[in-house]
Peer 1: 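I have a structure here, written as structure tokens, and I will follow up with some questions on it.
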Amino acid sequence: MYKEQLPAGVSRTIQSRLVLPPDTNHMGTIFGGTVLAYIDEIAAIAAMKHSRHAVVTASIDNVNFLSSAKVGDILILEGVVISTGRTSMEVYVKAECQHIESGTRSLTTTAILSMVAVDTEGRPTPVASVVPETENEKRLFENAQERKERRMKANEYAKELC
Ligand SMILES: CC(C)(COP(=O)(O)OP(=O)(O)OC[C@H]1O[C@@H](n2cnc3c(N)ncnc32)[C@H](O)[C@@H]1OP(=O)(O)O)[C@@H](O)C(=O)NCCC(=O)NCCS
């Protein structure tokens with residue numbers, strides 16, 4: 001049994017990206033797939049900082065594309081571990097778009113990912129528990145079990161479809 005506890009701040013990771021033409025569609029707004037790749041990367045970094053292990057993405061859920069970012073905007077992503085299981089970690093990621101000239105910021109995307117810490121053989125390995133710090137982290141932490149049950153049902157259903 002892994003007894004260590006780490007505050008959520010250990011994993012908190014912030015990255016800024018400039019939205020460039022190759023990242024966008026014919027309307028000049030960023031591809032959802034590009035945002036997902038950024039989200040996956042920042043979630044992996046946050047989970048690695050928490051677990052001090054390599055991690056794999058087990059699932060991505062609750063992705064909400066709330067508004068778009070355009071060429072020339074700055075995308076600011078923040079990822080933090082919000083709950084932990086034995087070997088898995090839930091990471092909450094939010095992306096905000098900052099318009100360069102006005103400086104205004106708007107929430108673009110939110111997502112919750114499940115990352116699993118793995119050893120050098122790729123086997124799941126135990127992680128420390130997380131202690132939420134902010135009000136938002138505490139709220140997300142409280143609902144973690146509910147999300148896990150929903151995810152497990154969806155996982156079983158996906159396997160049945162094969
Ligand atoms: C994720 C993975 C390591 C789980 O391996 P496994 O043999 O099912 O291992 P376990 O059953 O012991 O599960 C390990 C943990 O993963 C969690 N898990 C497994 N599948 C999951 C899923 N679809 N969503 C969320 N969590 C999942 C389990 O709940 C468990 O968490 P816990 O230890 O905190 O309770 C394995 O399925 C894998 O390697 N998948 C591919 C990952 C990958 O390559 N991702 C990149 C994109 S393809």
Side-chain angles (χ1 to χ4, degrees), residues 1-17 19-20 22-25 30-66 68-69 75-96 107-162:
M1 183 76 178
Y2 205 105
K3 293 240 171 65
E4 194 186 354
Q5 292 194 323
L6 292 173
V10 168
S11 65
R12 188 168 292 109
T13 306
I14 297 172
Q15 275 183 350
S16 295
R17 307 252 184 184
V19 181
L20 295 168
D23 308 323
T24 61
N25 59 27
I30 194 163
F31 290 120
T34 303
V35 178
L36 273 183
Y38 295 161
I39 285 175
D40 193 29
E41 183 186 76
I42 198 164
I45 294 169
M48 287 192 288
K49 279 161 112 179
H50 179 87
S51 65
R52 297 189 216 112
H53 278 284
V55 300
V56 292
T57 310
S59 61
I60 303 181
D61 48 29
N62 299 92
V63 182
N64 300 295
F65 292 108
L66 303 167
S68 56
L75 206 58
I76 301 149
L77 298 112
E78 182 175 340
V80 64
V81 170
I82 48 158
S83 80
T84 46
R86 196 180 77 84
T87 64
S88 66
M89 294 153 279
E90 268 193 320
V91 183
Y92 175 74
V93 180
K94 72 171 181 185
E96 286 182 328
L107 188 59
T108 302
T109 313
T110 62
I112 295 178
L113 300 86
S114 298
M115 314 300 290
V116 177
V118 291
D119 63 16
T120 49
E121 308 293 321
R123 288 180 303 235
T125 190
V127 299
S129 308
V130 70
V131 181
E133 294 175 309
T134 67
E135 283 312 309
N136 197 34
E137 286 160 15
K138 286 177 190 164
R139 216 179 51 230
L140 289 162
F141 182 83
E142 278 167 19
N143 301 328
Q145 187 56 32
E146 206 178 291
R147 283 193 301 276
K148 185 163 187 168
E149 283 162 19
R150 224 181 307 140
R151 197 176 295 123
M152 279 164 68
K153 272 192 199 146
N155 203 0
E156 279 164 26
Y157 180 63
K159 282 178 184 164
E160 276 170 26
L161 291 178
C162 298

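Note: hydrogens, waters and symmetry copies are ignored here, and every other heavy atom, side chains too, is used. Numbers for residues simply follow the sequence, beginning at 1. Counting convention: from 1, in listed order, for ligands and their atoms alike.
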Peer 1: Could you go through the side-chain contact (heavy atoms from CB on, under 4.5 Å) check for Lys94 and Ile42 one step at a time?
Peer 2: CA-CA 10 Å; Lys94 72 171 181 185; Ile42 198 164; over 6 Å; no
Peer 1: Do the charged groups of Glu41 and Arg17 touch, with an N to O distance under 4.0 Å?
Peer 2: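 Salt bridge between Glu41 and Arg17, a charged N being under 4.0 Å from a carboxylate O: yes.
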Peer 1: Find all protein N or O atoms under 3.5 angstrom from an N or O atom of ligand 1 and list the pairs with distances, or write 'none'.
Peer 2:
{"residue": "ligand 1", "atom": "23 (N)", "partner": "Asn155", "partner atom": "ND2", "Å": "3.2"}
{"residue": "ligand 1", "atom": "24 (N)", "partner": "Ser59", "partner atom": "OG", "Å": "3.0"}
{"residue": "ligand 1", "atom": "31 (O)", "partner": "Ser88", "partner atom": "OG", "Å": "3.3"}
{"residue": "ligand 1", "atom": "33 (O)", "partner": "Thr87", "partner atom": "N", "Å": "2.9"}
{"residue": "ligand 1", "atom": "33 (O)", "partner": "Thr87", "partner atom": "OG1", "Å": "2.6"}
{"residue": "ligand 1", "atom": "34 (O)", "partner": "Arg86", "partner atom": "N", "Å": "2.8"}
{"residue": "ligand 1", "atom": "34 (O)", "partner": "Thr87", "partner atom": "N", "Å": "3.1"}
{"residue": "ligand 1", "atom": "34 (O)", "partner": "Ser88", "partner atom": "N", "Å": "3.0"}
{"residue": "ligand 1", "atom": "34 (O)", "partner": "Ser88", "partner atom": "OG", "Å": "2.6"}
{"residue": "ligand 1", "atom": "35 (O)", "partner": "Lys148", "partner atom": "NZ", "Å": "3.2"}
{"residue": "ligand 1", "atom": "45 (N)", "partner": "Thr57", "partner atom": "O", "Å": "2.9"}

Peer 1: Can you tell whether the side chains of Arg151 and Glu90 come within less than 4.0 Å, N to carboxylate O?
Peer 2: yes
Peer 1: Is it the case that Asp23 and Thr34 place a side-chain donor and acceptor less than 3.5 Å from each other?
Peer 2: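 The criterion, which ignores hydrogens and geometry beyond distance, is not satisfied for Thr34 and Asp23.
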Peer 1: Can you tell if the side chain of Val91 reaches within under 4.5 Å of the side chain of Val80, non-hydrogen atoms only?
Peer 2: no
Peer 1: Indicate yes or no: does Arg150 engage Glu146 in a salt bridge with an N to O separation below 4.0 Å.
Peer 2: yes
